Amino acid sequence: MRSSSQFNIIGKPVERIDAVRKVLGDPVYAADLIPNDSLHIKLVRAQLPHAKIVNIDISTASRAKGVRGVLTARDIPGVNISSCIIPDRPLLAHGKVRCVGDIIAAVIAEDIDTAADAASLVNVEYEPLPVISSPSESLRHESIKVHENGNIVRHLRIRKGDVEKGFAESDIIVENSYATQFQDPTPIEPEAGFSRPNSDGLVTFRGSMQNPHYVRGAIARILGTREDKVRVVQADTGGTFGTKSDEVAMDIGGLTAISSIMMHKPVSLVYTREESMVLHSKRHPFTIKHKTGVTKDGLLRAAEIELVADTGAYASNGPLVLLRAIFHSTGPYVIPNVKADGLCVYTNNTIAGSFRGFGNPQAHFAAECQMDAVASKLGMDPLEFRLKNILRPGASTASGQILDESVGLEECADIVRDSSRWSDKRAEYKASQGRLRKGIGLALMYHGNSIGPEGADIATATVTLTKSGVVFKIGLTEYGTGARSGLAQIIAEVIGVPLELVKDEPADTATTEDSGGTFASRTTVMGGRAVMAAARAIRDKLNKVAAELLECHPSDVTIQDGIVRRSARSRMIPLGKLVDECSRRGVGLTEFARYTATGSAFDENTGQGTPYLQYTFGAVVAEVEVDTGLGLARAIKLTTAYDVGRAINPRGLEGQIEGGAAQALGYALMEELVHKNCEVANPSLSEYLIPTSIDVPEIESHLVEYPGRLGPFGAKAMGEPPIVAPAAAIVNAIYHATGVWVRELPATPDKILLAISL
Amino acid sequence: MRKLIFTVNGKRRTCLVRDHETLLEVLRNRLGLKGAKDGCSTGDCGACAVIVDNRLVNSCLMLAIQARGSKILTIEGIGSRQRLHRLQRAFIEEGAVQCGYCTPAMILAAKSLLDHQIKPSEEAIRNEISGILCRCTGYNQIVRAIQASSQRRTRR
């Protein structure tokens, strides 16, 4: 493959295509676009986490001045379901409520205040049921059913080799338990959307979301109508990190769609921050037990791992989160004997679902802290111990998958070791005295790209070249990642137009084909291949026509910055003229392309197979300072290196690496969405703390390129990987600084102080 | 309803407001200036920040009527498509814009700082924007954009 320096636009830190409207503050987000004549919805939420609904009295609320209607379950024209993989969740509660995030009624009124006042007039009578507040309770009390078919949503297994034999061959065995918390995605834009009835169809929904085609399908089912009667358009979306891929967008779409058809007017629903934090999906808390066997030379022989995930009251994407977690549960190492069991379990907590990393941050927190624990028992440097066991080209993973050449993990580890001055700092910080102690810690990671075994993986795109430039349409959405700008770069590179002339159309189900969901960090890898194929087809047509005009072979035609010429010193043709000539000849310059990833599969009983078609690798070194008097840990520097396959835009990658690290920092040190008896105790930004500009330290990022087979120009996924490793690196650094382990996230002052005092 | 007369982005504006309406609500719903955002309604996220009489203010915490006679600067008063402000240029060039939702507030905070300090230290920059939450960038690109912008100014 060509090296990055041989590209015109690929690998350059060019400007995003959507930046100008954002720095100008243009009204492009869903709440900015609500029409003046819109009605407004306020939700009535469950007051108890587990109860039978005896009666819902909407009479007083319905009669209030300015109230146009109150929706309950019986007002749903189609199917009362708004859920992800398993149809276990109603849009509007009926029969019983299973968490405080359940929606009981929707009040439609002329303005928000009227709707809110009327919502408090809706009277619900409950018969409380016993509450399951944790997975261990859920497993212990089989008789208390959150759902009729039992509390276990999924059980997954990995069986490789023979762990008993492996432990028998081990000189040292280390056992530990780890626990992680509910992390709230906290996009700065709360969920919002509005529907308006169409004159020629049924309804158009515009909102903050990741997957317009999924939302269209959900709304159509809720309305009991055909998909082509429903149009869904994604508004610019102010961050999501996975949560707007789950139930919230379908809820807002479904409720506003029903209402707008009923009222013959636009109807909007905008969540407050509190509603957002109670209703939207969060990161699954996991408890993870590790038993690791190693020889005294530091070679891993056996790993026995148990993972239990709390998916809350509804499955959401829990079964798939568990899947990704278990497949990565060993960390990026060669271990000949692996036994892993994973359970995804219902409780009456609010929903856990998609959140950047999707089970991998949890898996790596446990795996990478465990590696340091084992290194400590061996008396070995944590980096040296890892290097004895890491995945290299030709290695076999826990699934028995043999990795090909595209494994840049060792180089990543070398880079962070040298760049952070690992050895010097390990010694220097170990010697620190006094109340403030510094520490340096490490974590390695890998992340399977795209959907893998989670479902069919297909991307489509349409690219059109005119005299004005290029327009592309794709069902994959932008919500901050910059991935759509990367697609523009790929098109500009392949066709030879200046980047400024490449424009994208909004993701609109009326005009854009389904390209699968915008998740699993698949836009660059899968969407990139689709736009590349379409752009390539256009370029081939251009080459053929140009070859006749320039009297050369099509493969000799070069197009750069919109200038067409033969490779040698020939005359040039502006691209616009070539486009005219194509038109004159009836050569169409619109191409549709479809790209399918195949080959990912695994055995249900043993987890052996090829779960993912390629992996992103990385290494993170964290330096921390711990105030041992206050128990306060702060990160003072992060040094990172990632094997990105091919960097499409280094500036964009830097943004993902730094943003992901900041979220991981919050996950490690300060973020916890607390449930007390299954009610959310801190649904506000003064009580749920995310990192501010003062909390985030210098972050050094290095990119290496080991091109993979799956993505355009060899690119690998980089949306989620940056959030996977830093938490473990930080906790390992805290251990180095203080000599104490915090095995439960977040590592807040109370936990650090308690560990120090013991 | 009370009559509110104030100056917004250099223009004198008059509107009728309710006692309980916040400055944020009036800017967005009465004046159609959607750049200031409602991220939390409790003054925690900073997405509603605007400049009032040369001070950065969380407009969700200020009653509109408190702004009578004041000079308000919102993102709509900074730069234009034809001529971006140097801060807007710097944000784009440094990659400081991802989802863009906090961007108006961040740019106003930067302007507020640079209007008072020609070459602020990194610490001063981080302090100034510490009241505005960003979930996408991790802040460092935003800090670099503000630094770049302040350097550009002194080079004149």
Side-chain angles (χ1 to χ4, degrees), chain A residues 13 15-16 18-29 31-33 36 113 185-190 236-241 270 272-274 276 478-482 649 651-652 654-663 665-666 684-686 690-699, chain B residues 20 28-29 32-47 74-76 78-81 84-85 87-108 123 125-143:
Chain A
E15 293 174 9
R16 295 172 62 116
D18 56 351
V20 172
R21 65 178 182 267
K22 291 173 177 179
V23 296
L24 289 171
D26 283 356
V28 293
Y29 303 93
D32 303 334
L33 301 168
N36 290 330
D113 292 335
T186 316
I188 308 303
E189 183 210 14
D236 272 329
T237 292
T240 150
F241 314 104
V270 178
T272 63
R273 178 61 59 181
E274 181 188 333
S276 176
E478 175 60 58
Y479 37 80
T481 61
N649 186 329
R651 176 93 1 100
E654 179 184 69
Q656 291 306 297
I657 289 166
E658 293 181 353
Q663 280 184 316
L665 190 153
S684 83
L685 295 178
S686 54
I690 71 170
T692 68
S693 53
I694 300 195
D695 298 302
V696 180
E698 178 194 346
I699 300 170
Chain B
H20 63 268
R28 286 183 62 84
N29 304 335
L33 299 170
K34 308 282 186 183
K37 308 295 184 202
D38 185 352
C40 71
S41 305
T42 52
D44 293 311
C45 73
T74 72
I75 189 68
E76 290 86 354
I78 298 194
S80 68
R81 212 158 229 102
L84 293 175
H85 187 278
L87 271 169
Q88 289 162 322
R89 268 272 103 238
F91 267 62
I92 295 175
E93 282 166 18
E94 292 297 324
V97 182
Q98 289 190 31
C99 84
Y101 200 74
C102 75
T103 301
M106 285 292 187
I107 289 177
L108 288 166
E123 190 184 340
I125 293 173
R126 287 187 184 273
N127 276 325
E128 180 73 20
I129 64 172
S130 64
I132 303 174
L133 297 178
C134 173
R135 198 51 154 164
C136 294
T137 66
Y139 305 101
N140 291 352
Q141 285 170 321
I142 294 173
V143 171

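Chain naming here is simple, since letters A, B, ... match the order of the sequence lines and numbering starts at 1 in each. Everything numeric here is computed off the predicted structure, so don't read it as measured data.
- If you measure heavy-atom distances from Tyr479(A) to chain B, the contacts under 4.5 Å come from the backbone alone.
- Checked by atom type and distance alone, the side chain of Tyr139(B) pairs as donor or acceptor with a backbone atom of Pro691(A) at under 3.5 Å.
- A heavy-atom distance below 4.5 Å is not found between the side chains of Glu189(A) and Lys37(B).
- At least one donor-acceptor pair under 3.5 Å links the side chain of Asn140(B) to the backbone N or O of Pro697(A).
- Proximity to chain B (any heavy atom under 4.5 Å) is restricted, for Glu698(A), to the backbone atoms N, CA, C and O.
- Looking only at distances, no side-chain donor or acceptor of Tyr101(B) sits under 3.5 Å from a matching main-chain atom of Pro187(A).
- Annotation: side chain of Gln98(B) is in contact with side chain of Gln656(A) (closest heavy-atom distance under 4.5 Å).
- Remark: Arg126(B) engages Glu122(B) in a salt bridge (charged side-chain N to carboxylate O under 4.0 Å, His left out) (not counting sequence neighbours).
- Between chain B and the residues Gly652(A), Ala662(A), Gly25(A), the largest count of heavy-atom pairs under 4.5 Å involves Gly25(A).
- Using a 4.5 Å heavy-atom threshold, the side chains of Leu24(A) and Leu84(B) count as touching.
- At least one donor-acceptor pair closer than 3.5 Å links the side chain of Gln88(B) to the backbone N or O of Val23(A).
- Using a 4.0 Å cut-off between charged side-chain N and carboxylate O, Arg89(B) and Glu15(A) make a salt bridge.
- With contacts defined as side-chain heavy-atom distances shorter than 4.5 Å, the pair Arg273(A)/Thr42(B) does not qualify.
- In this structure, no portion of Thr272(A) lies under 4.5 Å from any heavy atom of chain B.
- Applying the side chain to side chain donor-acceptor pair (under 3.5 Å) rule to Thr103(B) yields no partners; only residues at least two apart in sequence or on another chain are considered.
- With a threshold of 4.5 angstrom between heavy atoms, Arg16(A) approaches chain B through side-chain atoms but not through N, CA, C or O.
- Distance CZ/Arg81(B) to CZ/Arg21(A): 8.5 Å, rounded to 0.5 Å.
- Looking at heavy atoms from C-beta onward, Thr692(A) lies in side-chain contact with Leu133(B) at the 4.5 angstrom threshold.
- Side-chain contact between Leu33(A) and Lys34(B) is absent, with no heavy-atom pair separated by less than 4.5 Å.
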